[in-house]
Amino acid sequence: MVGLTDHNICVNARIRVGQDFGCIKYIGNVVGHDGQWIGVEWDDASRGRHNGTVNGHYYFETKFPKSGSLIRSEKIHKFETLEDAIRERYLPPEQQSFINDELLNEARDALSAPFMKVVGMEKLRERQSKLKFTEDITICHSTINQAGKIPELDSLRTLCLQSSCISHWNVVNDIVKQIPSLRNIDLSLNRLELPNENEQLRFEKIDTLILNSCNLFDWNEILGIAKMCPNLRELSLKQNNIKCLTDDSAEAFPRLETLSIGENSICDFEEVLKLKDLPALKELMINNNQMKRVDLPNCEITERLKLFEKLESLNLRHNPFENEIQMFNELDKLPALTRLSYVNQKATDGNETEIMEIFMEAVGMIENLYSFNRSEIEKVHRNDAMYEMWKKFAVEWMQVGGEGEPKMSEFYKNHRCYPRLLKKYGTPDQFILQPNRKRVTTIEIQFKNVMNGKMFHKKVPIAMTVRSLVGLVYKIAALHTCPGMDLKSIKLYYIDAYNNNIKVYLDNLSKSLDYYSLQNGDTIYIEK
């Protein structure tokens, strides 16, 4: 830590004090105190003591009521260049001097010593050679504010400079020009000033840019950054307090494939729709925002919308959606969606029933989904989910059937999946119109071992779980005598009473037999 003149600092420069970063807003005298003071607005809005006005005297302005401080220059950490930082962190102390052949030859000529050698030169060259072929460098929480003369890094593709004192994109430009191989750069936790209109900065080769927690809440500023990176394929903007987007994003992001705007303050899906025309967008992460509904334009129930045409993956986890049925119905309109991540923000942690219900709704309602919460959907689980949705909406379908075409059209609009389910499973008339029976607590089931054809009967409680039933079957059918058969390898299923083409697997061990609508006289098949 050194004095003010040693820093050569100025207003708008970024500084580090202790573990905190901030921006200088004022340099000068303070009423009632000797010497020069530095007015700082901290990145952490709770770090300061005031808003730039002290004892009634205005010195500078802050964005937050308590994000400003007045400090002495001696507290400011000394700046360093990226060149210095690489030497310090990636070369041992004895190898931090970059000696090349040209410099060595000059020394030999000056000393008239053509055979002069430098002790440790071979080790130094070996280490420098390794650095030359390094593919990624990470320097976080530093006081870097300039590029310096960066050593040759011919293979460097990824550079992480989170939390630094870089304050302007011109410095980033200086860094990128000296590393032609650079493709990915992480500048999270920085505050970067855009160049003026006369400065034309271009980062043609950068395809991945990470700008998390950079106070980039203005989407127009983000579009300004996009214009400097015309070939950007991946962009992360998490934790920037973004609330609103603009409609002109498609032109700014012609090649963008992956966009993360999670952990922001987006409340309305209408803002997300402003990204609908991005021509190359495949993956969109809008998790941890404040959206309560998904509303997409209307289209025919047998068709898909012509927007988000390449969007394959969507992350909606931890948004306070009020109606999952409505949300999944809307998402079924997207033409290319195959992967979805979603966890209800209000769901109880570890509640298997809620988790399974959401899984069934998503898989049963979104036709082309093949991955949910990063897990591939197996065919048997897809069939179970579709069958559950067929049963879930059956009563409502029957009710609107007698109310005329408008009501039925509205039902199909809100349940796009149901025409597909009717085609697969038929009408649910028999399922709904079963005669009312006295509530029973036990049912008699016929079991058939498909491996040897043997059958047996057993009366079991309707509340018995599938897990308990598997253990019972294993014991009664003496499956332990079958080679390679154990509890984990047993599979149970039954044939639906109203559609012989439907094989329903009892694959949720925590569910009861009542959950699977088993009745007296049903046959459960045992297979490996």
Side-chain angles (χ1 to χ4, degrees), residues 234 236 238 256-264 266 268-276 278 280-297 299 301 303-347 349-390 392-393 414-418 420-421 508:
E234 182 174 345
S236 182
K238 294 188 292 186
L256 191 67
E257 297 179 0
T258 301
L259 174 62
S260 176
I261 48 175
E263 302 175 55
N264 279 291
I266 301 170
D268 196 332
F269 195 79
E270 187 69 28
E271 298 301 321
V272 179
L273 275 176
K274 295 173 182 177
L275 302 170
K276 65 183 183 300
L278 265 63
L281 188 64
K282 294 181 180 179
E283 183 175 11
L284 178 60
M285 288 157 276
I286 45 179
N287 53 291
N288 297 81
N289 276 277
Q290 299 299 319
M291 293 177 293
K292 295 182 179 180
R293 288 177 59 90
V294 171
D295 288 296
L296 292 165
C299 67
I301 59 174
E303 297 177 355
R304 298 290 191 291
L305 294 169
K306 292 184 178 180
L307 48 80
F308 291 111
E309 293 195 71
K310 291 190 177 181
L311 184 65
E312 300 172 356
S313 179
L314 182 62
N315 186 341
L316 292 171
R317 297 167 74 92
H318 300 299
N319 278 278
F321 289 110
E322 296 173 341
N323 187 335
E324 276 99 3
I325 294 292
Q326 184 271 342
M327 176 183 67
F328 295 144
N329 186 67
E330 292 295 293
L331 294 179
D332 185 57
K333 299 176 183 178
L334 296 177
L337 185 65
T338 57
R339 301 193 301 276
L340 176 65
S341 290
Y342 173 73
V343 175
N344 189 325
Q345 192 180 53
K346 300 177 182 178
D349 290 342
N351 189 315
E352 285 191 18
T353 302
E354 291 184 28
I355 293 171
M356 181 55 67
E357 184 177 1
I358 291 172
F359 173 85
M360 290 289 187
E361 291 170 354
V363 177
M365 296 185 68
I366 304 175
E367 183 177 17
N368 296 322
L369 209 61
Y370 76 76
S371 174
F372 186 69
N373 287 337
R374 304 183 186 92
S375 295
E376 187 174 344
I377 300 166
E378 297 181 14
K379 184 177 180 180
V380 62
H381 295 150
R382 179 180 300 283
N383 288 335
D384 286 350
M386 294 174 68
Y387 186 58
E388 280 302 308
M389 293 305 100
W390 178 75
K392 186 181 185 76
F393 303 131
N414 296 327
H415 305 81
R416 290 171 49 88
C417 64
Y418 218 67
R420 302 192 295 265
L421 301 179
N508 190 327

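Quick caveat, the model's predicted, so the values are computed rather than measured. For the numbers below, each heavy atom of this structure counts, side chains included, while hydrogens, waters and symmetry mates do not. Along the sequence shown, residues are numbered consecutively beginning with 1.
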Would you find a donor on one side and an acceptor on the other, under 3.5 Å apart, between the side chain of Gln326 and the backbone of Val294? yes
Heavy-atom neighbours of Lys333 NZ exceed 12 at 6.0 Å: yes
Could you pull out the closest heavy-atom pair between Pro320 and Asn289, with the gap in Å? CD-O, 3.7 Å
Could you give the side-chain donor-acceptor pairs of residues 305-312 under 3.5 Å, partners two or more places apart or in another chain?
none

With rounding to the nearest 0.5 angstrom, report the CD1 to OG distance, Ile286 to Ser260. 10.0 Å
Trace of the side-chain contact (heavy atoms from CB on, under 4.5 Å) decision for Asp332 with Arg304: CA-CA 8 Å; Asp332 185 57; Arg304 298 290 191 291; 3.4 Å; yes
Close side-chain approach of Asn508 to Asp384, heavy-atom, < 4.5 Å: no
Over 12 non-hydrogen atoms of neighbours within 6.0 angstrom of CD in Glu303: yes
Can you tell me how far apart OG (Ser313) and CD (Glu283) are? Round to the nearest 0.5 Å. 4.0 Å
Verdict with reasoning, Arg293 to Asn323, per side-chain contact (heavy atoms from CB on, under 4.5 Å): CA-CA 7 Å; Arg293 288 177 59 90; Asn323 187 335; 5.8 Å; no
Contacts of Ser341 meeting side-chain contact (heavy atoms from CB on, under 4.5 Å) (sequence neighbours excluded), chain-then-number -> Asn315, Arg317, Asn373, Arg374
Enter the distance from Leu296:CG to Met327:CE here, rounded to the nearest 0.5 Å. 11.5 Å
Side-chain heavy atoms of Cys417 within contact of Glu367, under 4.5 Å: no
Suppose we screen for ring pair (Phe, Tyr, Trp, His ring centres under 6.0 Å). Which residues come up paired with Phe393, at least two apart in sequence or across chains? His415
With rounding to the nearest 0.5 Å, note down the distance linking CG in Leu421 to CE in Met389. 8.5 Å
Will you find, in the side chains of Asn344 and Glu354, an N or O donor that is under 3.5 Å from an N or O acceptor? no
Separation between CG of Asp295 and CZ of Phe269, rounded to the nearest 0.5 Å: 8.5 Å
How long is the gap from CG on Leu337 to OH on Tyr370, to the nearest 0.5 Å? 10.5 Å
